[in-house]
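I have placed the structure first, in the form of structure tokens, so that the comments after it can refer back to it.
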Amino acid sequence: MGQFIYGGSSTNSFEIDDRTLAHLEIAIGTKFRRNESFVLTLRGRELPAGSGYREFWMHPAIWMQFRIDRPTAARPINPAWVAAMVAAASTERGLSLIREP
């Protein structure tokens, strides 16, 4: 399991499957290269409490880090999954973790 750390705070550290996290990192980077901000929603099992949800404003000026424990488990990258994440981030609901197509 990797970690998504948002805003430089250990209280905003979330465990996410390495493969999912690698694809999320690429999707977020794609949006940032386009100078686009969006909302990321983590729900239920992605949260330490295992329920509820947290929303994060994703913008290049906000500190965040992606820690992938097993990079080989994250490869190869599925371009269709990244494209689906980027498309979801472009909607009014924003991006939430979606399953690999």
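Just so you know, residue 1 is the first one in the sequence shown, and it goes up from there.
With hydrogens and angles ignored, the 3.5 Å screen pairs a side-chain donor or acceptor of Ser90 with a backbone N or O of Val86. Using modelled atom types, one side-chain atom of Asp18 and one backbone atom of Asp69 make a donor-acceptor pair closer than 3.5 Å. At least one donor-acceptor pair closer than 3.5 Å links the side chain of Tyr6 to the backbone N or O of Trp57.
At a threshold of 4.5 Å between side-chain heavy atoms, the hydrophobic network of Ile, Leu, Val, Met, Phe, Trp and Tyr places Leu42 and Ile5 in two separate groups. At a threshold of 4.5 Å between side-chain heavy atoms, the hydrophobic network of Ile, Leu, Val, Met, Phe, Trp and Tyr places Ile26 and Ile16 in two separate groups. Both Phe66 and Ile62 sit in one connected hydrophobic cluster of ILVMFWY residues. Membership requires side-chain heavy atoms under 4.5 Å apart, directly or through other members.
The minimum heavy-atom distance linking Pro76 with Arg19 is given by the pair O-NH1, 2.7 Å. Considering all non-hydrogen atoms of both residues, Ile98 and Met85 come closest at CD1-N, 3.9 Å.
Taking the side chain as every heavy atom from C-beta outward, Asn12 and Arg54 approach each other to under 4.5 Å. Side-chain contact check for Leu40 versus Glu55: every heavy-atom pair is 4.5 Å or farther apart.
Taking CZ from Phe38 and CD1 from Ile28, the interatomic distance works out to 4.5 Å, rounded to the nearest 0.5 Å. To the nearest 0.5 Å, atoms CG (Leu97) and NE2 (His23) are separated by 12.5 Å. Taken from CD in Glu25 to CD1 in Ile68, the straight-line distance is 5.0 Å, to the nearest 0.5 Å.
Using the six-membered ring where Trp is involved, Phe56 and Phe14 have ring planes that are perpendicular, over 60° apart on the 30 and 60° scheme.
Residue pairs meeting the side-chain hydrogen bond (donor to acceptor under 3.5 Å, both in side chains) criterion with at least one member in residues 71-85, sequence neighbours excluded, are Asn78-Glu100.
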